[in-house]
> 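One structure, pasted below without further comment.
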Amino acid sequence: MFRFQSLDEDCTLEKEEGLVEEEDEIDQFNDDTFGDGAIDDDWQEEHKRLAELEERKNDGLGGLGLGGLGMRGMGGDSSTVQLPPPASRVPHPSSLPPPHHSLSSMPPLGLEEMGGGDLAESLAMLILGADPAIASVGGPAGPGDRSTGLPPPPSMPQQHHHPSQLPSHHQLTLSGLPPGPLHPSLLSYQQHQHLLRRGGAPMPQMNSHNIWENNMGFGPVSVTPGLITQMEDSPLLSIIKEVGLPNRPPPVMSEDGRDLSERAPPPRSSSPVIGSPPVRAVPIGTPPKQPMSHAMNHQQQIHHPTTVHVRAPVHHQHRYPPSFPERISPNTLLNMANSPLCRPPFPAGVGPVLSQIQRAQMLNSQVAGFPRGCQGPPLLPGGGGFRPFFGQPPPHRMGPHHNHIPCPIIRHNTTHLHPQHRRMLTQRMQSRGGERGGRVGDWRSRDPYSNLMTQREKEWVAKIQMMQLQSTDPYLDDYYYQNYFEKMEKRQERDRDGVRKEHTTKLITPQVAKLEHTYRPVQFAGSLGKLTVSSVNNPRKMIDTVVTSRTDDEEKREKQVWNKRRQILYTVEKMYSLLLEVQDFEKRFMQTPEEQREALLEQHKTHTLQLYASLKEKEWDDRVSDEQCLLIMSVRKGKRLISRLIPFLPPLQAATVVMGIARNLTALAKKDKQDQALCWLVEPVAVVISSLSSAALTDLLQELQGSEGQLSKVLQNKFGVTLLYLILSEGERMQSSDLNCQLMDDNRWTELVFSVTRELLNVPPSSLSPPLFTPPNLLSLFSRYVDRQRLELLQEKLQISALSR
Amino acid sequence: MRFTSRPKMNYMPGTASLIEDIDKKHLVLLRDGRTLIGFLRSIDQFANLVLQQTVERIHVGKRYGDIPRGIFIVRGENVVLLGEIDLEKESDTSLQQVCIEDILEEQRLQQQSRQEAEKTKHLALKERGLVMPRPDIMDEYGVQHQY
């Protein structure tokens with residue numbers, strides 16, 4: 001009985017979602033082009049058929065006398081498949097000879113006469129003649145048009161008369177005939193021809209549509225393997241041969257007069273050799289294809305291990321929650337039947353056999369209440385195949401046997417809802433389900449177009465919509481929702497106060513893990529910079545900015561330094577403004593009228609006092625504050641300031657300033673290493689020095705020498721050297737000019753000069769900085785104090801220094 | 001006793017979804033103002049609709065006319081609203097159906113009168129110095145043409 005078990009060939013009819021999703025060997029090309037419908041893409045036939053539906057409603061055409069023709073119009077599934085609605089008028093298959101023909105059995109009369117080549121034409125005639133649509137359309141076509149030659153009521157003998165025409169005009173007619181609903185049949189005719197030329201033995205009669213009308217009750221049929229190979233193009237037909245004609249189904253369809261004859265699409269040349277390589281990826285928008293239960297897959301696998309194109313086991317549990325009663329499409333059923341049967345030599349892109357419409361109608365019939373109920377003919381291996389279809393009749397579907405209200409099905413896609421929410425919804429569902437009981441079913445059964453959108457597709461859309469509700473942070477994304485239900489729960493708890501513990505369920509929402517997708521550019525060791533690949537999500541960085549955060553301490557320190565500097569600058573600025581006013585005094589004095597001059601003078605004095613005050617020590621009037629001086633002089637501007645300031649100061653104050661400078665010269669020199677701005681001071685200082693008294697001069701020299709080692713440092717500085725020279729030369733001048741110079745009175749001067757000379761001699765020439773100028777009378781000064789030898793040395797040194805100026 | 005044949009699957013609890021509306025007669029209002037009535041056969045995640053046996057209904061005043069259109073596929077973004085039509089209540093309406101030609105004529109007249117009113121208004125405003133942009137004669141660059 002289950003003869004197909006023994007067969008090795010595979011059927012490639014199944015190009016189901018199982019395979020597609022696994023993306024294995026099958027060709028998805030056509031599926032993806034047209035989405036889900038592509039598998040069943042015989043929309044043209046469908047359209048024609050449905051158009052016929054409409055027409056027939058209006059016309060009320062009588063059945064054509066296609067008695068034998070329709071049945072004999074085989075030669076390939078294509079031909080039978082392409083039979084338009086009129087084929088439905090073919091008499092009941094039960095009237096056909098029993099389907100247990102071997103293929104070698106004699107074909108019906110008419111065909112017998114034809115023989116091989118004639119068969120082609122006769123069949124073509126059958127097709128074209130049998131369909132009034134085609135015949136009428138083909139009427140005005142080109143010359144040699146077969147259709148014109150076809151007598152509208154085709155009978156065998158008549159067809160017999162046009163054997164010669166057919167093959168020759170085959171191509172012509174095909175091209176000549178107008179497009180439109182004609183095409184499918186033409187195509188099929190072509191295939192048909194092709195098939196038949198392979199030495200087509202006449203095919204057993206069958207009314208293909210009857211198979212699909214009743215998707216169960218397949219009887220086994222013996223098959224000729226030889227023929228199978230010829231059936232490359234018509235897996236369906238082979239299936240039919242294998243499985244045999246079904247028993248007449250309950251007249252679900254006939255009442256509507258619709259023809260559910262199968263229209264398998266013409267086998268596509270989907271071999272990878274031809275055309276573009278198969279597209280593996282499923283575009284985003286494609287709805288799911290017809291599912292196939294894993295049980296069935298399993299069966300197939302078990303029995304037909306050599307199957308290549310069998311649907312891969314579908315392990316998509318998430319799509320088919322066990323609780324969800326699966327509606328197995330007739331396609332899947334068929335494919336179960338198909339799989340063991342035959343395998344065309346090349347992988348065919350032929351999809352499932354049923355079209356969308358037919359499937360929908362299939363489902364419709366289920367909906368209307370399948371009289372068979374739970375008892376499905378278990379024709380498939382193990383008998384388990386059909387189980388899914390009938391074995392688990394959902395309570396609300398197979399009505400007659402179940403008496404309870406459909407229990408609320410916990411949908412897998414509602415897990416993210418608040419449990420309270422879900423409860424409310426199920427209640428709502430139930431109440432709604434109660435009302436809508438009877439009338440919908442009734443109405444549905446009459447709607448031929450219902451269920452065009454399969455359950456799976458609906459689920460798919462729902463799934464997409466649900467995905468948008470997923471959230472990594474529910475409180476962030478849907479705050480009010482969460483709060484609302486929380487409040488409701490609390491309220492209920494409060495009301496019932498512990499009567500029902502179920503209300504204290506915790507809210508469980510699926511949280512999608514937040515994934516960090518930051519791009520870190522790759523950096524190769526030893527290379528400069530990073531290798532960055534820019535994309536939409538990671539745009540190219542123009543600047544590689546690195547954030548450096550400084551510690552508080554560092555910041556504080558830096559701030560302090562800056563603050564100090566700012567303060568110094570501020571002081572300097574203030575002094576500058578005073579200075580400028582002082583400088584401008586002369587000008588202004590000339591400009592102001594007499595009476596105001598006094599005031600101006602006073603002002604001037606005040607300013608100068610102020611200036612000095614800012615420099616000097618707080619308590620002592622005759623000493624410049626060292627810190628202040630240092631501070632000011634540490635800034636370049638400050639040095640400049642002082643240099644400009646000194647001329648304006650009264651001599652005594654100027655002298656103290658110079659003293660202060662000399663005193664702090666080392667420190668100043670250190671700070672001045674970079675820009676040597678001290679040299680600005682030379683001129684004013686020189687002026688001051690020249691006005692110094694001898695005592696003051698000595699003091700100055702002493703200050704200059706200061707502590708140990710100060711002089712050497714002084715000598716390193718240009719200004720320092722210059723200052724020294726200035727002092728010495730001044731001293732010399734004093735001595736030489738004024739015989740009564742008090743310079744010699746105390747030994748300080750002498751001692752100081754001695755130490756200076758000593759230092760000068762000792763200091764290495766490299767560290768001796770060339771002065772700005774060398775006063776000429778230095779030599780005479782030194783000659784007073786040092787002996788000849790040293791004098792010469794000094795001379796050398798200083799000359800060197802002088803020369804190197 | 002036979003229970004409902006339609007599976008009581010609540011696909012999108014608590015949300016707005018068209019799945020429950022499939023295979024029912026709907027009235028769809030489009031953004032361009034058209035009214036379509038048809039059986040909703042298929043949807044997708046963008047609320048693109050497949051309507052079958054669609055009829056475009058033109059309303060003018062208390063009268064309407066139907067133009068049978070066949071199968072419509074409507075892009076979701078162009079739908080303003082849609083609602084299920086209660087087949088029982090569909091018939092009791094105060095609107096009167098007239099034939100297509102009449103209703104089209106009426107519509108044309110209505111459009112015409114509207115345009116004239118609009119024009120006079122526009123002119124009046126222009127005289128007062130206020131130029132209102134008219135979207136129908138304004139091209140994509142915001143330039144208004146009046147020929």
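Just so it is clear: chains get the letters A, B, ... in the order the sequence lines come, proteins before strands, and each one is counted from 1. The figures here come from the full heavy-atom set of this structure, side chains too, leaving out hydrogens, waters and symmetry mates.
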> Return the CD to CE distance between B:Gln45 and A:Met466, rounded to the nearest 0.5 Å.
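B:Gln45 atom CD to A:Met466 atom CE measures 15.0 Å (nearest 0.5 Å).
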> What is the distance from atom NZ of A:Lys458 to atom CD1 of B:Ile43, rounded to the nearest 0.5 Å?
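Here the interatomic distance stands at 9.0 Å.
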> Ignoring hydrogens and geometry, is there a side-chain-to-backbone donor-acceptor pair from B:Asp23 to A:Asn451 under 3.5 Å?
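Yes; judged by distance alone, with no hydrogens or angles, the pair exists.
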> Any idea which heavy atoms bring A:Tyr449 and B:Gln53 closest together, and the distance?
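Heavy atoms only, the tightest pair is CE1-NE2, 4.4 Å.
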> So which atom in B:Arg41 and which in A:Met453 form the shortest heavy-atom distance, rounded to 0.1 Å?
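Smallest heavy-atom distance, with atoms named: O-CB, 3.6 Å.
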> Can you tell me how far the CG atom of A:Leu452 sits from the CZ atom of B:Phe39, to the nearest 0.5 Å?
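Between atom CG of A:Leu452 and atom CZ of B:Phe39 there are 12.5 Å.
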> Roughly how far, to the nearest 0.5 Å, is CH2 of A:Trp460 from CD1 of B:Ile19?
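Reported to 0.5 Å precision, the distance equals 10.5 Å.
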> Which value, rounded to the nearest 0.5 Å, describes the distance between A:Ser450 atom OG and B:Gln52 atom CD?
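Nearest 0.5 Å value for the OG-CD distance: 10.0 Å.
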